[in-house]
Each structure stands twice: as C-alpha cells, then as structure tokens.
Amino acid sequence: MTTAETRNELFPTQEIGSIAKPGWRVKGVSDEAKVTENEILEAENWGKQLSVRNYEQLVELLKKRARSEKTPSDEDKEAIRDWSVRYVLALFQSAALDRVYSGEQWRVEMYEHLVRNIEGFKLLGSVHSFDYKYFTKGALIGEPKYVRPIHLDEFEFVKDSTDREIKIPITGPYTIVDWSFNEYFEKKVREKGNVSFENLDLRKVNFEARREFILALVKNALRPEIENLIHHGAKWIQIDEPAVTTRPDENEMELFVEATNELTHGFSDCVFSVHNCFSDYQLLARYAPDLKQVSQLALEFANRDGSNLGVQEDQRIGYSDLRAFTDAGYTGGFGLGVLHVHDYSGEPGNGAKREGRNIIESPELVRDRILAAARILKDPSLISVNPDCGLRTRNWQVTYQKLKALEIGTDLARTQVR
Amino acid sequence: MSTITVNGALFGIHPRSEQLVKTTRDYDRGRVDGTALKDAFQNDTRELVELQRAAGFDLVSDGQLNWQDFLRPLSENISGLEIGADLTRWFDTNTFFRRPRVTKKLQANTDAIMHAVNGFGNSDLHEGEERTLAIPGPFTLASLVEDQFYSSKEELIHEFAKVLSELIPVLQTKYSHIQLNEPSLAYRYGESAVNNSSAMDSFVSAFQNGLSKKLRSVALHTCFGDCSAILAELLRLEEVETVGIDFTQTPVSKISSLRFNGKALGVGCFDGRSSFVEDPTWITQFCVDLRKMLEPSGLMLLASCDLKYLPRVTADRKVQAMGQAKVQTQKKLSEVLH
C-alpha cells in the first residue's frame, strides 16, 4: 500500500473535515445578507495573523460587497469561496498540520454535497434531529449515476494552494445510504418479490433493498469519482462514515465492510482511511480487520476521555477502546482524536481549561493522550494525530487555540518517544 | 355475523412543516419572538388536525409538534430528573435526545406536564372525535435514563409507573385516548426485556398494580424492533385495549401462533422510516390476512413508529394513504365477515 510523504514521520498531524465557515464567507456569497464591518475586520485580522498571501485583496472585495446594493456576481462569490479555502489552509499551516484539505468550505454539507451531484437522488425536505435542529434528507428515486466530477475542482484548487500532503474527505456509501430514503430499490424489491403473507418479513425486504442501494451507489457513482480523483493525483482519500454502528446488527456491519471493500479494491496508488466518531468502537473493532484496503481508522477518543494529565490507562480511559481493535487483529494505523469538538459543560481537569462552551486542551494533555495510545498500541508509527472530528462547531479563535495545542502537544510527545 | 372496527391514528411525534421548521430556526437565531413561534405551532397543528379529519380518523392527535424529543416534556417536569447538554442517539435513528439522569426520588409535576404537552390550545373537537396522545411507557423511560438514585432497573420501572399513574388521569381530562410507546421492549429483538426477565416482570406487575387502575382506552405500541419474543406477555395485560406491532421489524411468521383474544391490533405497517408511500390496496389485503390469523377485536392502522423521521410532505401523504386504507379495509372486512 502506498503511503504519501509527510513532513513528520513520527505522529503526523492531520485535520479531519469541516471548519466553520467565517461570517464573511457565508454572507459574502449570499443574495440576501450583507457583510458587516466586524466580519470585514475579522477577515483582515485573520489574514494578518495567519499571513495569508494578498489577503488585502479579500478585504477590498468584502468592502466593495458591503458598499454595493447589488447581489454579488458569480465571479465575486467564487472569489470569496476561494479565499475561505486559502484561509483554512493558512490556519492549518499555522498549526503545522502535515495532512490538510479545504475545511470543506466549498461544500454545503457532507451529505447534501454528494447527493446533489449524483443522479437518482431527490432532496425531500427537513427531518428533525433535535431541539430546533434539522437535516435535509433525500431519497433515491432512480438508479444512482455518476454524471459529473464531485470533488475534482475542490481538490485541484487545494493542490494548487498548498505544498502539504492532501487528504480528501468523501462521505462514505454506508452513511449516504443510512441518511437517505430508498424508494427506488424498496419498490423494485417489493415488485420482484412474490412473498406470501405468512412469510412476509419487511425487515428482510428492506435490508435486501438497502444492500442493492449501497452496491449500486458504490459501483455507479463513488468508484468513478475515486478513479477520477486518483487519475488527477489524489494520494489519500478519507471515507467519512459517521453512520457506521448506528444500526448495531451483524448484517449491517457486514454491509459496511462489503461496501468499503467494494469501494476501495483495485486502487493501489492511493491510501484509504475511514473516519468514524461518537460510535460503538467495541462493535467497529470486530469488523475493522476485514477492511482490506483501509490503512487508517481516524476515530474520536477525546470526547470519551478525562481531562486530567497522565498516561496510565486508568487516567486515559477514553483510549482504552484502542485495545479492542488490536485484540480483534486490526493492524492498521489510527487517526487519534485528541481534541474535543463539541460543546463542553463540565469542569475540566488539570489538563484543560474551559472557555464558554469550549474545552481548550493543554499541549500536555494532548501529549499524554498520544503517549497513552502509543503504550497501548506498542507501536508509535501507527499513530497520526487529529481532532475528534471536523472542528466546524467551534469558532476560529477556539479552533486556532485547539490546533496550536495539538501542534505543541504532538511535538512534546515526539520528544519523549525519541 | 360479527363486525370489526377499523380505525387509524397518528402515534407520537409528527414532523414539523417546512414553514414551521423555518420559524423555529428563526426563533433559535433571535429573528422572531415567542409569539410568532407559538402562532406558527398553532397554525401547523390546525393543518394537521384537518388532515386527520380528512383521512377519517376518530382519534385526533395534535402531532406533538412542540416535543423536542419523545422524553422531554415529561423529563423536564418530573422532579428527580436532570437533563444534561449531552445528546444521545434515539435508538438506531439519526435523531437525538437529551438523556435525563435520575438524581433523587421521582415526582411528576402533572400540571406543568399538561401545560407542556398541550398542542391543541383551546380548539374544540368535532362530534365523535377523541383526542389521543402518545407518551413513553415505564419500561422505556427506565431503559433510557441514567439512574444514579434507585437500586435497580426493576425499582425504577415501578417508580416511573407510579409517576405515570398520577399523570395519566390528569392527561385524560383532555386526551381520552392515551398511547404508551414502549420501543425499548422490542428494540434489538426485545433483548433488554427477554434477557432481563425480572425487568419484564416488573413491567407487568407495574401495569397490574399501578397503571391498570388509571387507564382507560390505552394502546401500547412496540416500535423499532421485533416484538415477537414479548408479544404473548403483552397480550396478557388485561388493561391494554390495543397492542401495536411494528411490522417493518416483526416477521408475520413469528407471531402466527398467537391470538389477540379481545384485544385490538395496532397494525404498524406504514413505515415511519421510509419515504416509499404504501399502497392502500396492499395494506387492505395485509389487514384482512392479519385479522384472519390473529383474530383481534379491532384494527387500528398505525405507522411503524412516529412519522417524525420523515419530511412533513411525505408523512402527510402516508396519513392520506392510511385514511384510504382504513376505508378500504373496513369495506373489505364487512364483505368478508358477512
């Protein structure tokens, strides 16, 4: 399996996915909202702080937008989106991340971005998630078909904008299927089946339809996309599968494994990793060794860990699930989540501080988490270091602080291991 | 020749309309005030009630549109429960709830719960209509909370049953039909009930000793799982008029030997997690076959679970299909039975 070059051989650092879109990015491309003076100032300050090349051009563009009564032109919108990727890359560079991407600044959202670009899907409307939060859910209403490159422009832009190793996150087939309705194959399977009333088992019918959906999605849409990206130079693709283990059944886990293997087989010039978070790792661990082409599992651990310093296993309880993977026979690498990404409401221990609804980990806590994981795995070379998930729910100031802690803490761990 | 009543009802939380979704988002972001939010909920409820009337339902639900999750209006108003900020996945769905912690003896503030659940406002019923409301049952409540106070799950089931015993008579002043939703009984083949027989015993005895005296016109639904392992036990609960089965999870062959003996069957055949809208004619034949096999006293067409997992437009289409299937099934059964 190919491994792309990284700046740090020991404990390379990486981002996982999305970063919050700055206010100037959101409003700058909106036909309704106006960029505020504060947002322009924010663009200016971050531009200076992160040494974004020619950031003054963005500031001028935003000022022009603020003065104008007209809706932004397509050209202006595109320029603002481009700037937001440059800013994210500068943010990552400031934290010396080894593997980077765009912070998904060009994507609406991880699910919608994909299904809007694959034929056969129709977005149906909003579904309640919790409180006053919703997600848009689509249905497959026809055969899934690859009609255009989905991530290529984004990849090419990042490639031209950074000299760091690039890891492209792509929403995985299991998650797409789990988050979609399956009208097309459910109808097909029901029409095909001639099951008598006495033998009717809708669970079986729906599972068969689900399997047909996922395999068709992989074959007709996702493999062509991956092939295209690799053809254009992609060396590392991260398959985002947050939905895995949602349905804790054996056949569902086998379906995830089958789909992942189908998706990745035969692509020898590219590293594949799988990202999963807030899931049942005891269950995932049992199936991890069957993921034939997957070199790394990037997982959330900080969320389930304490925040006092220490490297003993009872002090680092969040990382004990690593043992389940090695016990099950998984020999690949880990993207080790060392930064909490959601709201934090408790009182942190001596390895972190709380700022509003955020926990800010100290470099020493990051160090201890890495060292504890290295002890469990008995092989430091298996570890890359990352936040638990994309940091999009944190503002840039918090994200910056967290990524700096990651950078310094990882350096401390490197020093100790060497 | 006997006849059989066929009804249809919403069970649990219905999805909010896109307009209401927008208003709640605007409220969340401080763009509209509480009055606008309340008006939006009331408009949505009114439309949903009309939809049920058009579908010919005698039991009318307010859709429980203001419920942030299926535990919240209760868990926020039961002393002894604390709700944290952490989100927990609701069974195997892509939705979440705030998991309550039990920190001291449970005591319901029944007036506050009544106020919190009242989505109907002051609207009147039409002749022949009854209001229906779904609430979590004691087994599910005890399974989903984090218990830091009581000594066992069995004790907790009894305590929640006591709370519900106080609450249900108050609710029944407005909602004559109460539905107890017990997904935890059936989830993952009913493993938490089957593998923990003393918890199941507690559930049954809680029903017999506490809840039974308070109940009238109660339906018990077992969504999100195959209920075949515990169905016989549920059918022995004298107090329950209707037992609902999630047929998207429960194979017909696994319950074919059971008889409903005077109980109505809740036919959870409209898949609350699929946007594929069922054909009323197919549903009608399914109901006719089920009646013949299980010999229930009546049929109540239901969704397999709440319809909140669907966008509103799709859920409403399912309600319309349910109404058509209700009429067709009643007609077909009249023909068959005469």
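Every chain is numbered from 1, with letters handed out A, B, ... down the list of sequences. In this text, all values refer to a predicted model and were calculated from it rather than measured experimentally.
- Here the closest heavy-atom approach between residue Tyr187(B) and residue Thr246(A) is recorded as OH-O, 4.4 Å.
- Shortest non-hydrogen contact noted between Glu18(B) and Gly125(A) is OE2-CA, 3.3 Å.
- For CZ of Arg98(B), the number of neighbouring non-hydrogen atoms (other residues, nucleotides, ligands) closer than 6.0 Å is greater than 12.
- Checked against the 6.0 Å centroid threshold, Phe181(A) and Phe276(B) do not count as a close aromatic pair.
- Interface summary for chain A: among Phe96(B), Trp67(B), Trp282(B), Phe247(B), the most heavy-atom pairs under 4.5 angstrom belong to Phe96(B).
- Taking the side chain as every heavy atom from C-beta outward, Phe130(A) and Phe97(B) never approach each other to under 4.5 Å.
- The candidate with the highest count of non-hydrogen atom pairs below 4.5 Å against chain B, out of Glu186(A), Lys204(A), Arg357(A), Glu183(A), is Glu183(A).
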- Report the C-alpha separation of Arg16(B) and Tyr134(A) in whole Å, then their side-chain angles, then the decisive distance to 0.1 Å, and conclude whether the side chain to side chain donor-acceptor pair (under 3.5 Å) test is met. CA-CA 10 Å; Arg16(B) 295 166 186 163; Tyr134(A) 309 84; 2.8 Å; yes

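- Heavy atoms from other residues, nucleotides or ligands lying under 6.0 Å from CZ of Arg354(A) number more than 12.
- There is no contact between Trp90(B) and chain A, counting heavy-atom distances below 4.5 Å.
- Within 6.0 Å of CD in Glu335(B) there are more than 12 heavy atoms belonging to other residues, nucleotides or ligands.
- Residues Asp131(A) and Asp28(B) have side chains not in contact (no heavy-atom distance under 4.5 Å, counting atoms from C-beta outward).
- Taking Lys133(A), Glu252(A), His342(A), Lys187(A) one by one and counting their heavy-atom pairs under 4.5 Å with chain B, the maximum is reached by Lys187(A).
- Proximity to chain A is absent for every atom of Ile13(B), based on heavy atoms less than 4.5 angstrom apart.
- Each of Thr250(B), Thr93(B), Asp92(B), Leu310(B) has some count of heavy-atom pairs under 4.5 Å with chain A, and the biggest count is that of Asp92(B).
- The number of heavy atoms from other shown groups lying within 6.0 Å of CD (Gln148(B)) is above 12.
- Ring planes of Tyr27(B) and Tyr132(A): perpendicular class, angle over 60° (limits at 30 and 60°).
- Between the side chain of Glu198(A) and the main chain of Ser253(B), no donor-acceptor pair closer than 3.5 Å is present.
- Of all non-hydrogen atoms in Arg247(A) and Arg273(B), the two that sit nearest each other are NH2-NH2, 3.7 Å.
- With chain B as partner, the option from Leu202(A), Val205(A), Asn182(A), Asp178(A) having the largest number of non-hydrogen pairs under 4.5 angstrom is Leu202(A).
- With a 4.5 angstrom heavy-atom cutoff, Leu307(B) does not touch chain A via any of its atoms.
- The two residues Lys308(B) and Val127(A) come nearest to each other via the heavy atoms O-CG1, 3.8 Å.
- Contacts with chain A were tallied for Leu87(B), Asp271(B), Val313(B), Val277(B); Leu87(B) has the most, counting heavy-atom pairs under 4.5 Å.
- Checked by atom type and distance alone, the side chain of Arg188(B) pairs as donor or acceptor with a backbone atom of Pro248(A) at under 3.5 Å.
- Residues Phe278(A) and Arg89(B) have side chains not in contact (no heavy-atom distance under 4.5 Å, counting atoms from C-beta outward).
- Here Asp201(A) does not pair with Lys254(B) in a salt bridge; the nearest charged N to carboxylate O distance is not below 4.0 Å.
- Heavy atoms of Asp249(A) lying under 4.5 Å from chain B belong to its backbone as well as its side chain.
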- Query: Where do Leu200(A) and Phe286(B) land on the side chain to side chain contact (heavy atoms under 4.5 Å, CB included) test, with the steps shown first?
  - Reply: CA-CA 10 Å; Leu200(A) 185 67; Phe286(B) 184 62; 3.4 Å; yes

- Given side chain to side chain contact (heavy atoms under 4.5 Å, CB included), test Thr95(B) with His128(A) step by step and report yes or no. CA-CA 7 Å; Thr95(B) 68; His128(A) 193 210; 5.6 Å; no

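- To the nearest 0.5 Å, atoms OG (Ser274(B)) and CZ (Arg210(A)) are separated by 11.5 Å.
- By the neighbour-count criterion of 12 heavy atoms within 6.0 Å, atom CZ of Arg203(A) is densely surrounded, having more than that number from other residues, nucleotides or ligands.
- Residues Thr314(B) and Leu124(A) come closest through the heavy atom pair OG1-CD1, 4.0 Å.
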